[in-house]
J.: 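Here's a structure for you.
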Amino acid sequence: MEQAVRTLFALYECAFRQALAAEPDPEAVARLYAPELIAASPAGVRTGRNDAQFLHVMAEGYARYRQIGTRDMRIRDIALSPIDDHHCVARVGWTATYARDDLPETVLDFDVHYLVQVLEGIARVFGWIAGDEEAVLKRHGII
């Protein structure tokens with residue numbers, strides 16, 4: 001399980017960084033997620049499907065990250081909490097770098113907890129739990 005999850009997040013990081021470079025690969029992003037999804041943050045809990053609408057929302061999200069000056073997104077560390085033979089929670093520590101003409105380079109660390117399912121050796125995200133990203137970005141003058 002651990003190797004499958006680490007492979008998943010190596011691909012996830014690569015797809016994220018590619019999207020920040022304005023070269024998103026929607027098919028690569030779609031392969032990282034299960035058919036049905038759940039997301040939780042202080043903004044609420046949402047469910048959805050890995051479909052064209054989801055990919056559209058993801059593309060909008062990447063465009064917003066670029067617009068606010070996100071220059072890089074790297075994984076600092078990954079800690080797994082297995083649930084059973086096919087599921088785990090992966091706490092992924094991210095380091096984000098922001099820079100714009102009106103913003104000095106700002107580096108922020110944050111964690112996201114991902115719900116991951118591993119079937120036939122392939123890991124996919126089926127949910128995530130994130131903190132209040134908007135509040136952190138406001139506090140640091142990024143938005």
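One-based numbering along the sequence shown.
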J.: What I'd like to find out is whether the side chain of Glu13 reaches to under 4.5 Å of the side chain of Arg74, using heavy atoms alone.
T.: yes
J.: Applying the 4.5 Å side-chain criterion to the ILVMFWY set and letting contacts propagate, would Leu137 and Leu103 be lumped into a single cluster?
T.: yes
J.: Are the charged groups of Arg66 and Glu60 less than 4.0 angstrom apart, N to O?
T.: no
J.: Do the side chains of Val107 and Thr97 get nearer than 4.5 Å, heavy atoms only?
T.: yes
J.: Please check: side-chain N/O of Arg17 versus main-chain N/O of Tyr12, any donor-acceptor pairing under 3.5 Å?
T.: no
J.: Tyr33 and Phe126: aromatic ring centres closer than 6.0 Å?
T.: no
J.: Heavy atoms, side chains only, cut-off 4.5 Å: are Asp111 and Val92 in contact?
T.: no
J.: Does one hydrophobic cluster hold both Leu8 and Tyr114, with members joined at side-chain heavy-atom distances below 4.5 Å?
T.: yes
J.: Judged by modelled atom types alone, do His86 and Gln117 share a side-chain donor-acceptor pair under 3.5 Å?
T.: no
J.: Is Glu2 salt-bridged to Arg6, going by a charged N under 4.0 Å from an acidic O?
T.: yes
J.: Would Ile129 and Val116 show up in the same hydrophobic cluster when neighbours are defined by side-chain heavy atoms closer than 4.5 Å?
T.: no
J.: A side-chain contact here means heavy atoms from C-beta on lying under 4.5 Å apart; do Arg91 and Val89 qualify?
T.: no
J.: Taking C-beta and beyond as the side chain, do Thr95 and Leu108 meet within less than 4.5 Å on heavy atoms?
T.: no
J.: State, with a plain yes or no, whether a side-chain heavy atom of Leu115 is found less than 4.5 Å away from one of Ile38.
T.: yes
J.: Which atom names give the shortest non-hydrogen contact between Pro42 and Ala130, and what distance separates them?
T.: CD-O, 3.5 Å
J.: Less than 4.5 Å apart, any side-chain heavy atom of Met1 and any of Cys88?
T.: yes
J.: Could you check if a side-chain atom of Ile142 sits within less than 4.5 angstrom of a side-chain atom of Arg100, using non-hydrogen atoms only?
T.: yes
J.: I need the single residue from Trp94, Tyr98, Phe16 that forms a ring-ring contact (aromatic ring centres under 6.0 Å, His included) with Tyr65. Which is it?
T.: Phe16
J.: Please say which of Arg49, Arg46, Arg124 ends up in a salt bridge (Lys or Arg N to Asp or Glu O under 4.0 Å) with Glu36.
T.: Arg49
